[in-house]
Amino acid sequence: MTTISATFREQAASLQSKLVSMRRELHRFPELSNEEFETTKRIRAWLTEAGVRLLDLGLPTGVLAEVKGAHPGPTIMLRADIDALPVNEETGLPFASEVPGKMHACGHDFHTTSMIGAAKLLHDHADELHGTVRILFQPAEEQAVGARAVLEAGALEGVSAIFGMHNKPELPVGTVGIRTGPLMASVDRFEIDIFGKGGHAGVPEAVVDPVVVSSAIVTSLQTLVSRNVSPHYSAVVSVCKLQAGSSWNVIPDTAVLEGTVRTFEPEARAIIPDRMKQVVEGVAAGYGAEARLNWTSMLPAVNNDPAMAEIMRRAAEAQGLQVVEAVPTMGGEDFALYQERIPGCFIWMGTGGTEQWHHPRFTLNEDAIAISAALFAEAAVLGLKSIG
Ligand code: NI
């Protein structure tokens, strides 16, 4: 007897060349966050052609599709992201970006076509499904605003679990990285305004130099993690922008620092803003200056639910894939916002590239498309069974 796992694998393989041509079309015409209008039209057309039902996502870009099983059961979601980056492609590929300054340099074209494949497989097996699978093609992941818009639009209502992936250049095709617990970091952003008193470079006694104050603040911030966060947690504070002055012989009035804080644990994340405020204001006061911290909480950590991670492991094994323990990264993903509401699992899909995400020569091995399509169809079936 042929199992559904084997059927998914064979059908995905037969869809592969079609999925590759879709991926290449998306790759040629990349669109930035919240501008994915043509991408949205293409996804809608391809899903419609495959017979998959579209729902109204209620957003200008992005697509929500649904496969309703013949049998009652819970609803789960598969999620892909669809946006590209302001990067000028240098791969030299025959299907390279035709839009100067824009590129699918993070492989979201790959995520999109893989989930179209999964939707088609599930649609063709709707008779065997116990429940409903929603397939979300989320806009604006790169700007970390798409998931929030999707949540506000209500697309997650009635959904019990969610699965998603990111391609991983370091892992070979046929290998998936799966992990319980944190996989990607929380993302917060800070801006520090420093107010001193400008004046002549040769008359330091008459000024409060914001350049010296900002340097002292940058140095002091280096102890936030090492002296305030438990060594059992993971956290990083990076000051990425330091702006002050416009001349070599004039001390400016003000300076601005900007940066980001990344953590895996909510406990570590909670400590940092208050401590940073104390350090920033205290150091500035010590120099007779004033400083103001502006803190923006952006994303929680991607945190994989143990039961959902187990479903992904079983799906990967059923599909004959090599499963390795996923190595976490301090990058962020707005998939985390869904996981705040419902259990989910986000995995690494091996795509065997030579360059990292966001690089102008980023590439991936398209053989992973059919593999991903079959894997997520399988995960959906197992998810419905185990939740229902
Ligand atoms: Ni990405």
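What you see below is based on every heavy atom in this structure, not just the backbone, and it leaves out hydrogens, waters and symmetry mates. By convention here, the first residue in the shown sequence is residue 1. Since the structure is predicted, the reported quantities are computational estimates derived from the model, not experimental observations.
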Glu38 and Lys41: salt bridge (Lys or Arg N to Asp or Glu O under 4.0 Å), yes or no, with the steps?
CA-CA 5 Å; Glu38 297 305 315; Lys41 277 187 205 159; 3.2 Å; yes
Hey, mind stepping through Arg313 and Thr180 against side-chain contact (heavy atoms from CB on, under 4.5 Å) and telling me if it holds?
CA-CA 10 Å; Arg313 279 190 202 100; Thr180 296; 3.3 Å; yes
Do Glu325 and Ile178 pass the side-chain contact (heavy atoms from CB on, under 4.5 Å) test, and can you show the C-alpha distance, the side-chain angles, and the key distance before you say yes or no?
CA-CA 5 Å; Glu325 176 76 3; Ile178 305 177; over 6 Å; no
Given the rule in the side-chain contact (heavy atoms from CB on, under 4.5 Å) test, do Ser5 and Gln319 qualify, once you have shown the distances and angles that lead to the verdict?
CA-CA 6 Å; Ser5 307; Gln319 282 299 316; 3.9 Å; yes
Audit row: His104, Phe110, side-chain contact (heavy atoms from CB on, under 4.5 Å) steps and yes/no:
CA-CA 9 Å; His104 268 293; Phe110 161 78; over 6 Å; no
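A donor-acceptor pair is defined here as one N or O able to donate and one able to accept, closer than 3.5 Å; such a pair exists between the side chain of Thr260 and the backbone of Asp188. Remark: the backbone N or O of Ser234 is paired with a side-chain donor or acceptor of Glu265 at under 3.5 angstrom. The backbone N or O of Ala318 sits less than 3.5 Å from a side-chain atom of Arg9, completing a donor-acceptor pair. Here the side chain of His71 pairs a donor or acceptor atom with the backbone of Asp127 at under 3.5 angstrom. No donor-acceptor pair closer than 3.5 Å links the side chain of Asn34 to the backbone N or O of Thr61. Not one N or O on the side chain of Gln222 forms a donor-acceptor pair closer than 3.5 Å with the backbone of Ser220. Between the Glu141 side chain and the Phe335 main chain, no donor and acceptor come within less than 3.5 Å of each other. The main-chain N or O of Gly198 is found under 3.5 Å from a side-chain atom of Asp253 such that the two form a donor-acceptor pair. A donor-acceptor pair is defined here as one N or O able to donate and one able to accept, closer than 3.5 Å; such a pair exists between the side chain of Ser230 and the backbone of His232. No donor-acceptor distance shorter than 3.5 angstrom exists from the side chain of Glu378 to the backbone of Ala315, with no hydrogens or angles considered.
A continuous path of hydrophobic side-chain contacts links Leu242 to Met276 [ILVMFWY only; heavy atoms under 4.5 Å]. Hydrophobic clustering places Leu54 together with Leu59 (ILVMFWY residues linked when any side-chain heavy atoms are closer than 4.5 Å, directly or through intermediates). Note on Val208: it does not cluster hydrophobically with Ile217, by side-chain heavy-atom contacts below 4.5 Å among ILVMFWY residues. Hydrophobic clustering, with ILVMFWY side chains joined whenever heavy atoms are under 4.5 angstrom apart, groups Trp46 together with Leu64. Side-chain heavy atoms closer than 4.5 Å link hydrophobic residues (I, L, V, M, F, W, Y) into clusters, and following such links, even through other members, never connects Ile82 to Phe37.
The other members of the hydrophobic cluster of Phe264, by chain and number, are Val236, Met330 (side-chain heavy atoms under 4.5 Å, ILVMFWY only).
Glu142 is listed as a side-chain neighbour of His358, based on a closest heavy-atom distance under 4.5 Å. Side-chain contact check for Ser214 versus Val256: every heavy-atom pair is 4.5 Å or farther apart. Ile251 places none of its side-chain heavy atoms less than 4.5 Å from the side chain of Val211. Asp334 places a side-chain heavy atom less than 4.5 Å from the side chain of Gln138. Counting heavy atoms from C-beta on, the side chains of Asp81 and Glu333 come closer than 4.5 Å. Counting only heavy atoms from C-beta outward, the side chains of Thr254 and Pro210 never approach each other to under 4.5 Å. Side chains of Val225 and Tyr233 form no contact here, defined as non-hydrogen atoms less than 4.5 Å apart. With a 4.5 Å cut-off on side-chain heavy atoms, Ile311 and Phe163 count as touching.
Remark: Gln243 CD is loosely packed, at most 12 non-hydrogen atoms of other residues, nucleotides or ligands lying under 6.0 Å away. More than 12 non-hydrogen atoms from other residues, nucleotides or ligands lie less than 6.0 angstrom from CZ of Phe195. In the displayed structure, Gln16 atom CD is contacted under 6.0 Å by more than 12 heavy atoms of other residues, nucleotides or ligands.
The structure places CZ of Arg24 at 11.0 Å from CG of Asp109, a figure rounded to the nearest 0.5 Å. Here the CZ-NZ distance, from Arg314 to Lys385, works out to 8.0 Å after rounding to the nearest 0.5 Å. Between atom CZ of residue Arg53 and atom CD of residue Glu66 there is a gap of 5.0 Å, rounded to the nearest 0.5 Å. Summarising the geometry, atom OG1 belonging to Thr112 is positioned 12.5 Å from atom NE2 belonging to His27; distances are rounded to the nearest 0.5 Å. Atom CG of Leu156 is separated from atom CD1 of Ile342 by 4.0 Å, given to the nearest 0.5 angstrom. Atom-to-atom distance recorded for Thr113:OG1 and Ile369:CD1 is 4.0 Å, nearest 0.5 angstrom.
Of all the heavy atoms in Pro86 and Leu32, the pair that sits closest is N-CD2, 3.5 Å. For the residue pair Val302 and Ala336, the shortest heavy atom distance occurs at N-CB, 3.7 Å. Across all their heavy atoms, Glu89 and Ser97 have their closest contact at OE1-N, 3.0 Å. Here the closest heavy-atom approach between residue Leu384 and residue His130 is recorded as CB-O, 3.6 Å. Here the closest non-hydrogen pair linking Phe362 and Thr91 is O-CG2, 3.5 Å. Annotation for Leu122 and Ala377: closest pair CD2-O, 3.6 Å, computed over non-hydrogen atoms.
In this structure Arg275 satisfies the side-chain contact (heavy atoms from CB on, under 4.5 Å) test together with Leu224, Asn228, Ile271, Gln278, Val279, sequence neighbours excluded. His111 is linked by a ring-ring contact (aromatic ring centres under 6.0 Å, His included) to His108, His166, counting only residues two or more places apart in sequence or in another chain.
When only modelled atom types and interatomic distance are considered, Thr263 and Ser186 share a side-chain donor-acceptor pair under 3.5 Å. Gln143 and Asp83 share no donor-acceptor pair across their side chains, judged by distance under 3.5 Å alone.
In this structure, Glu49 pairs ionically with Lys18, as a charged nitrogen and a carboxylate oxygen lie closer than 4.0 Å. At a threshold of 4.0 Å, the pair Arg189-Glu258 counts as salt-bridged, since one of the basic side-chain nitrogens sits closer than that to a carboxylate oxygen.
Judged as a salt bridge (Lys or Arg N to Asp or Glu O under 4.0 Å), not a single pair has a partner in residues 147-159 (not counting sequence neighbours). Residue pairs that meet the ring-ring contact (aromatic ring centres under 6.0 Å, His included) test with at least one member in residues 290-333, sequence neighbours left out, do not exist here. Sorted by first and then second residue, the side-chain hydrogen bond (donor to acceptor under 3.5 Å, both in side chains) pairs with a member in residues 192-206 read Asp193-Asn294; sequence neighbours excluded.
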